[in-house]
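Single-structure report; data block below.
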Amino acid sequence: MEDKLETIYKRFKENEGNLISILQDIQEEFGYLPEKAIYWFSEQLDVPPAMFYGIATFYSQFYLKPRGKNVITVCSGTACHVKGSEKLINSAIKELELPEDSNTTEDGLFTFEKVNCVGACSIAPVVIINKKVFGKMSAEKLVKELREIKKNE
Amino acid sequence: MIKVKIDGKEYRVKPGITILQVARENDIYIPTLCDDPRLEPYGGCRLCIVQIKGMPRPVTACTTPVTDGMEITTTNEYIEGLRKTIVELILSDHPNDCMVCEKAGDCSLQELAYFYGIRTNPYYGERRRYTTKDNNPFIERDMEKCILCGKCVRVCSEVQGVGAIEIAYRGFTAKVTPPFEKDLNCEFCGQCVSICPTGALMGKSSLGKGRQKDVKKIETVCPYCGCGCNMTLHVLRNEVIRVSSRPDNFHEGWLCVKGRFGFEFINSPDRLKRPLIRVKPRDKNSKELPVPDLNDFREASWDEALDLIANKLREIKDKYGPDAIAGLSSARCTNEENYIFQKFFRAVIGTNNIDHCARY
Amino acid sequence: MAGLATVFGSGAMTNSIPEIENNDLLFVIGSNTKENHPIIALRMIQAVRKGAKLIIADPRRVPLVRFAHLWLQHKPGTDVALLNSIAHVIVKEGLIKKEFIETHTEGFNEEFLKNLEEYTPEAGERITGVPKEKIIEAARLYAKAERAGIYYTMGITQHSHGTDNVFAIANLALLTGNLGKESAGVNPLRGQNNVQGSTDMGCSPNTYPGYQKVTIPAIKKKFEDLWGVRLPEKEGLTASEMLFEAEAGRLKAMYIMGENPVLSDPDTGHTVKALKELEFLVVQDIFLSETAAIADVVLPATCFAEKDGTFTNTERRVQRIRKAVAPPGEAKDDIWIINEISRRLGYNMNYAHPEEIWNEIGMAWPAVAGITYSRLERGGIQWPCPTIDHPGTPYLFKGGFPRGKGAFTVIKYKPSCEEPDLDYPFILTTGRMLFQYHTGTMTRRVKAIEALYHEPYVEINPEDALDLGIRNGDTVKVSSRRGSIVLKAMVTKRPERGVVFIPFHFREAAANMLTNSKALDPLCKIPELKVTTVNIEKFKED
Amino acid sequence: MNKHIEIKVCTGTGGIAAGGLEVLERFQTCIEQAGLKAKTLTGCLTHRVGCRGLCARDVLVDVIIDDQKFTYQYIKPDMVERIVEEHIINGNPVSEWLVTEDYLSFYNKQQKVVLAMCGEIDPEDIESYISHQGYRAIEKVIKGMSPEEVIDEIKRSGLRGRGGAGFPTGLKWEMARNAPGDEKYIICNADEGDPGAFMDRAVIEGNPHAVIEGMLIGGYAIGAKRGYVYIRAEYPLAVERLKKAIEQARHKGYLGERIFGTDFGFDIKIKLGAGAFVCGEETALIASIEGKRGMPRAKPPFPVQKGLFGKPTVINNVETLANIPSIIIKGADWFASFGTEKSKGTKIFALTGKVKNTGLIEVPLGITLREIIYEIGGGIEGDRRLKAVQTGGPSGGCIPASMIDIPVDYESLARAGSIMGSGGMIILDETDCMVNVAKYFLQFTQSESCGKCVPCRIGTKRLLEILERITSGRGKEEDLKKLEKLSNDIKASSLCGLGQTAPNPVLSTLQYFRDEYEAHIFEKRCPAGVCRDLLTYTILEEFCKGCGMCLKVCPSGAIIGEKKKPHKIIPEVCIKCGACFEVCKFKAIKRG
């Protein structure tokens, strides 16, 4: 872990980065923000860890816990909303059997989340499955896709 | 100097200062929960909104600098209506358990609720609930009472230079917290406690010891390091129950952990209460660190102890001369005590063998 | 203090705490301000926020380093070399304030300049371990600042050449004219609430109240008249000398009021032995301290909250303390006790209230004559304050130095008494931590503090720890030529390699079991608590 | 057979989602294969192009043979072979796949200034931009205009900020230029956070160099050497293209030191947003670029006085900056010839919702909503009835169908209780519940409130709770008054634009659709049939054929019945998800 953090630290120095870019880099590397990594940087930069924590919890992009292997994102922008994204969300939650207090399945295979508009409103409703954008999605199609992934795992 | 008009009256003021500063200097009341003259303006609570002629919407007095010719209205029905809504909103997300709250009587929010006569609140709804408790030994953090004024966060970073807490999350779920919601681990100066407008932050050692009524407040000086911080001892029934410091003193009311929370020794059961006379002879051969043990002594009356000392000192002086006696004074005694101690050695014993441990 | 008094004719902080905020440069050397003078550190942080530059010279990465623009991590005991090489650069680059030197100082001569010559930045680097670029930068920052203040504490004074260190600091301020003006100066920060006061009050073997020398006949006469008795002629013993005299059997009785030298003085073994040699030992305290434990008579005294009086803080500010609660049991305040003993010895003091004493002090020392209890009701007053209408003095030497001119001193770097060798390869420096205070008689009786900070520890650099096979939290044995203690290792980058730090608050592992009482500064007799060589090993239970 | 053949495949986010990259790849392989066989297709190019607007019909492909252009719609990879064979090789366009007539009507009323090159040039190739007069504007500026002249030109053009508030761009530049300080910054705000808006994404994806050139000119005008693009991390393709564009511009010497051999130097850094809508607010955006929590602060001081790192800073939105090069090249008068008296030029809208042609449009300001909806948008989906137009996203409002003849400009929209906003335009029809729409936006702003000020942090939460009560049938008469009062108080007392505008969706729906609120509160009924708690589903026995489809899809097991016999819904078990309603082919399920 330390080697990876050193690399991020170097990049931060070279690119005149800031605390947000450090967190983005850590997340890029580890998939989430490990507590240890934050304390490591806190010591390197003599910046209180609380400051990192404040930033990490402010921006919705950051995750403090590891995420699922497959990330399903349903857009809930206005266009998607009026075109029925609510239904997609309900069917996905049901299909994935998500626990009450978490958006990641217990087996760690799926993370499911809503996002504010991905800017593909003209093909609403939109779902992003592992970074691939699916437009004009329906609940049936989404369930089919999810089952497909489950089958291949 | 520039001219501004506040509520119809003209004032000549320094340019660049804020409307709130002008108001404070001229004793014009504008309510605020998030402003403190010792901190950077924040503009979060919005209670200090005022109207300025020519501006489309109200602005906050704490963040808006005065400009020449500015015409400011600090109070009217409209503004007071907005302020009342703000207080109602804060109260709608507050435990409102003033009956048992440590801060009652000294709480800015309670004061505002009283001022605006808020008995029933038109706004109600979800309230923040926190189940985990902060187990640090110094500061009670009841975040359900927190109104997110951010003063604690600012004092911790701007004044104390620590940054142990930060506002985490956002919107309705925003919360002042140490990193990763752990127990607070900081310098425990308690600056945050002193500046908190509500009962969200309290000193643990004072909890349940008494509120404002009947508390005597005595101005004195901290017994620890040489900074000489002014402090106020809150005394109830012959017990110091709390220490605070006035923002208008020369250290601006700041204290450190020892000054603010280190007063418990006053009431320690270990305090010496009667003179002691040694009964167990000293073990001259041991160079080990002595272990204090009351069993080595017996209690004595003052007369007995003082007579013994006087006699012993006279005896030694007579036998070996005054220079066989020496005194060590204390850097923690008062000037007056130190003065008479050295006077005692010089004038009564007759020696200049007088020093204090921390003379260097 | 003795050092400063020699240079300027007065030994105290030249400037006051609120002024710090308007400094544009702060040079903090040998002071862990954030932990030992927390509220003064807040002013420094404010100054930095307002744009001041902060230079810190300290062998440890003290918390204030977070706010520093430049941190000089010099080896313990090399302060003179560091300060002289900074002075060297200031002179060489022509950054001195000529006019100030000409009108206000003396001793800026050939000898002084010649001595500085050898302290090139290169030489400075060799001795102190601080890169020469940083020495040069520090010199430029300090000399070019409009208002530069120097702040130091025991990290400067607790050395066998502590006075030299102070002289070297004074030289810097004299070279750059940073005296006699606001937000500058030379500022020793006093470690205890009333050190300033107890020195002011004449609790020292060579001066009466107000730094008036006991050896000057006219002064002696003045006090004899005031007190109505004949007074002794010769100077008395210093605290460290008292212990040597006691050990030798020549000092027979001691009366210790509110101090705990067993824990706070160097070489505990020596202190204990010396005190035990006494025929009669009286200790007056609020707790049964380690020193009281070996006393013949222990008298219960009152604490700050139980009495009236005044304290004088580190910036010469005299302030009132007030009685808030009644003392426990039969405990009595010191004034009553001394009154009583005096009476029994045939001298009637009979002070009814501290105010009477204060008024007498005003008669004895003109610098506080203008300070009265009724004036103090409105807040503290900084001495000198000679008359009732004088506002007090925030900063000293506005019109010049009391001794006439500020004196430059020729100072040579001398190594500390102990230098690391094969048997004792580490340098131990002792000091305080934020939460505990001095020997802990008060703070160790505060539950919250004890809950978190009850354990003694030794700070070790990670690389040293690696070499010794020590991990964070391991139990280690630290030994010196005088003794050994066992405590937890705290592996941290705070000290540099080869240096370890132990706070001296803890009786369980009393740091002063290790320190040296024989290495004293020749002038003021302060012991070298900041440099002791020690060995460290992993502790094995026998 | 030396024909010039060009094939343009749309690969914006919409295009890619529809399979644009696969289509492109298929074209490349097919042509290669064909080329190998016939060795005749030497002049053929395949291009990536950005969004051309009508994303609903993606993948759109242009086949241009010797200036003869044919556009195909809804192209899937397996259709490519036939197009290559029949059209490119044999010269017979596949007529059933070509765009229909209404495709053209989508473009007729549009006026492309900013989007002129989107869909025409390859956004990943700087030469493609240069060949369309790219970087000619900055050359003109640097070589022949003083900063004051540039500012004057922009002022004369009447360009106003396209991010929402419509502050005159030239004036903003002038204020920054006049602010004391030797270090200044220009920031491109590409943190397009409004749900339902994607103009900035499309512009950067389709023509990133125009934004860069706009920043260069702005930097020159105000005296900045450094620019930042603050862009959403949720737009990976836009970020990628922007990065490439900046690198290419540096390589070509348009960015860096001594541009065009003059003393002027300028460079751009990209800062990725991390997911906070409030960072669209200028002071919050600045905090975020500095690496802090994106909390707004009170103005004054304004960013043009004290902005990024405490230095004078201009923040312009993507579309604003993309307008700049054309204004410089074609002149202020040309630009001012579009639009109305006070609102000059064109505006891009993301036309979405219940309209037939959804997509990105650019129209001259002053056009009516009717023209946009019925001529460009082709009317309402399913020929249902228009109910309202939502503009300005969460800060805007809903304009009722009765007002669709108002011109689209800053002032008219404001008068109608909405705002221009950054360009989201969502068409709502009779099946949309306006209370639900207001609740949707409040949900959004409430979850995006930074929490710094009381009215926004707690006020929006309470507004949302009231709306939730109303839509779930627990609304009371007094709630309407409360909504109005609280909305007005939040607007008046919030710290930043987010809170000051958050109640707009509530206020405008209350103003125009009060009857819907009243139906929810007094009749416990949702007229549009959207609010789930107020709906009941019943099976009409006379229509039910007992096919069992509803029983199969019901997630809660609320439907019982034997095959071939009428089914029944058990109301206590029904969770009102509407699955049965949608699946029934016989209209046997009644919702009400």
Side-chain angles (χ1 to χ4, degrees), chain B residues 137-138 161 218 220-221 223-224 226-229 233 235 238 251 254 256 262 264-266 268 270-276 278 282 284 287 290 292 306 310 312 316 320 324-340 342 344 346-348 352-353 355-358 360, chain C residues 38-39 45 157 190 192 195 197-198 201-203 205 227 229 232 236-237 239 242 252-256 258-259 269 272-273 276 280 288 290 293-294 296 298 300 304-305 309-311 313-314 319 321-322 324-325 328-330 334 338 340 342 344-345 347 354 357 437 442 445-446 448 451 526:
Chain B
F138 292 95
I218 286 129
T220 191
V221 176
Y224 288 104
C227 295
C229 302
L233 302 181
V235 177
N238 201 40
H251 276 318
W254 309 131
C256 77
E264 229 174 17
F265 75 92
I266 303 172
S268 166
D270 299 348
R271 280 292 294 277
L272 294 173
K273 295 181 191 73
R274 299 196 70 194
L276 301 172
R278 171 169 292 283
R282 285 201 283 260
K284 281 205 177 186
K287 284 170 65 179
L306 293 171
K312 263 299 204 185
I316 291 170
Y320 305 103
I325 303 173
L328 270 185
S329 174
S330 171
R332 288 204 289 289
C333 291
T334 63
N335 287 324
E336 292 77 1
E337 288 163 345
N338 274 295
Y339 175 83
I340 72 161
Q342 60 88 31
F344 170 75
R346 293 190 161 117
V348 183
N352 278 321
N353 285 346
D355 203 353
H356 65 93
C357 275
Y360 325 110
Chain C
I39 305 304
I45 293 170
T157 53
R190 315 304 303 259
Q192 302 191 50
V195 196
S198 47
M201 290 305 115
C203 280
W227 293 341
V229 288
L237 299 169
M242 287 175 196
K252 300 296 183 186
M254 273 185 85
Y255 192 147
I256 300 176
E259 280 290 352
V272 171
K273 189 159 177 295
K276 282 182 175 175
F280 190 60
L288 192 66
E290 287 73 14
I294 48 179
D296 295 284
V298 181
F304 81 108
T310 58
F311 284 154
N313 79 346
T314 182
Q319 308 190 94
I321 66 161
R322 292 176 184 85
V325 290
E330 297 174 16
D334 299 327
I338 303 294
E340 285 296 312
S342 296
R344 282 172 168 78
L345 289 172
Y347 185 96
I357 305 177
Y437 179 70
M442 301 191 316
R445 288 181 171 87
V446 176
I526 190 171

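Chain identifiers are assigned alphabetically (A, B, ...) following the order of the sequence lines, protein sequences preceding nucleic acid strands; residue numbering begins at 1 within each chain.
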Notebook entry, point to check: What is the minimum heavy-atom distance between B:Arg332 and C:Gly258, and which atoms define it?
Noted result: NH2-O, 4.5 Å

Check: Side chains of C:Arg190 and C:Asn313: donor-acceptor distance under 3.5 Å anywhere?
Finding: no

Notebook entry, point to check: Between B:Arg274, B:Glu336, B:Glu337, B:Gln342, which shows the greatest number of heavy-atom pairs under 4.5 Å with chain C?
Noted result: B:Glu336

Notebook entry, point to check: What part of B:Ile218 gets closer than 4.5 Å to chain C, counting heavy atoms only: side chain, backbone, both or neither?
Noted result: side chain

Notebook entry, point to check: Contact part of C:Ile45 toward chain B, heavy-atom cut-off under 4.5 Å: side chain, backbone, both or neither?
Noted result: side chain

Item checked: Which of B:Ile266, B:Ile340, B:Val235 touches chain C most, by non-hydrogen pairs under 4.5 Å -> B:Ile340

Next item on the list: Say whether, by atom type as modelled, one donor and one acceptor occur between the side chain of B:Thr220 and the main chain of C:Arg322 under 3.5 angstrom.
Entry: yes

Next item on the list: Below 4.5 Å from any heavy atom of chain B, which atoms of C:Val298 appear? Answer side chain, backbone, both or neither.
Entry: both

Check: If you count heavy-atom pairs under 4.5 Å between each of C:Lys273, C:Met242, C:Glu340, C:Lys276 and chain B, which one has the most?
Finding: C:Lys276

Item checked: Options B:His251, B:Glu264, B:Lys284, B:Lys312, ranked by heavy-atom pairs under 4.5 Å with chain C, top entry -> B:Glu264

Next item on the list: For the pair C:Glu330 (side chain) and B:Pro275 (backbone), establish whether a donor and an acceptor sit closer than 3.5 Å, ignoring hydrogens and angles.
Entry: no

Checklist line | Most contacts with chain B, counted as non-hydrogen pairs under 4.5 angstrom, among C:Ala324, C:Pro38, C:Gly329, C:Ala451 | finding: C:Ala324

Margin query: Tell me if a side-chain donor or acceptor on B:Asn352 pairs with a main-chain N or O of B:Arg346 at a distance below 3.5 Å.
Written below: no

Next item on the list: Find the one option among C:Thr310, C:Ile294, C:Asp296 whose heavy-atom pairs under 4.5 Å with chain B are most numerous.
Entry: C:Thr310

Margin query: Among C:Ser342, C:Pro328, C:Pro354, which residue has the highest count of heavy-atom pairs closer than 4.5 Å to chain B?
Written below: C:Pro328

Checklist line | B:Cys333 SG to C:Glu259 CD distance, which is reported to the nearest 0.5 Å | finding: 8.0 Å

Checklist line | Residue pair C:Ser198 / B:Asn335: nearest heavy atoms and the distance that separates them | finding: N-OD1, 4.4 Å

Item checked: Interface moiety of B:Ile316 toward chain C, non-hydrogen atoms closer than 4.5 Å -> side chain

Check: Out of B:Gly262, B:Cys229, B:Ala347, which one racks up the most heavy-atom pairs below 4.5 Å with chain C?
Finding: B:Ala347

Check: Counting N and O atoms only, with roles assigned by atom type, does the side chain of B:Asn353 sit under 3.5 Å from a partner on the main chain of C:Leu237, one being a donor and the other an acceptor?
Finding: yes

Notebook entry, point to check: Which one, B:Ala310, B:Gly327, B:Pro290, leads in non-hydrogen pairs under 4.5 Å with chain C?
Noted result: B:Pro290

Note to self: Looking at every heavy atom in both C:Tyr255 and B:Phe344, which two are closest together, and how far apart are they?
What the structure shows: CD1-CE2, 4.3 Å

Next item on the list: Sort C:Val446 into side chain, backbone, both or neither according to what part of it lies under 4.5 angstrom from a heavy atom of chain B.
Entry: both

Checklist line | chain B contacts, top residue of C:Gly269, C:Gly202, C:Ala253 (heavy-atom pairs, under 4.5 Å) | finding: C:Ala253

Item checked: Leading residue by heavy atom contact count with chain B [cutoff under 4.5 Å; candidates C:Ile39, C:Ile357, C:Val272] -> C:Ile39

Next item on the list: Would you mind reporting whether C:Phe304 and B:Leu233 have side-chain heavy atoms less than 4.5 Å apart?
Entry: yes

Notebook entry, point to check: Where does B:Tyr320 contact chain C at under 4.5 Å (heavy atoms): side chain, backbone, both or neither?
Noted result: side chain

Notebook entry, point to check: At their closest point, which heavy atom of B:Lys273 faces which heavy atom of B:Arg271, and how far apart are they?
Noted result: NZ-O, 3.3 Å

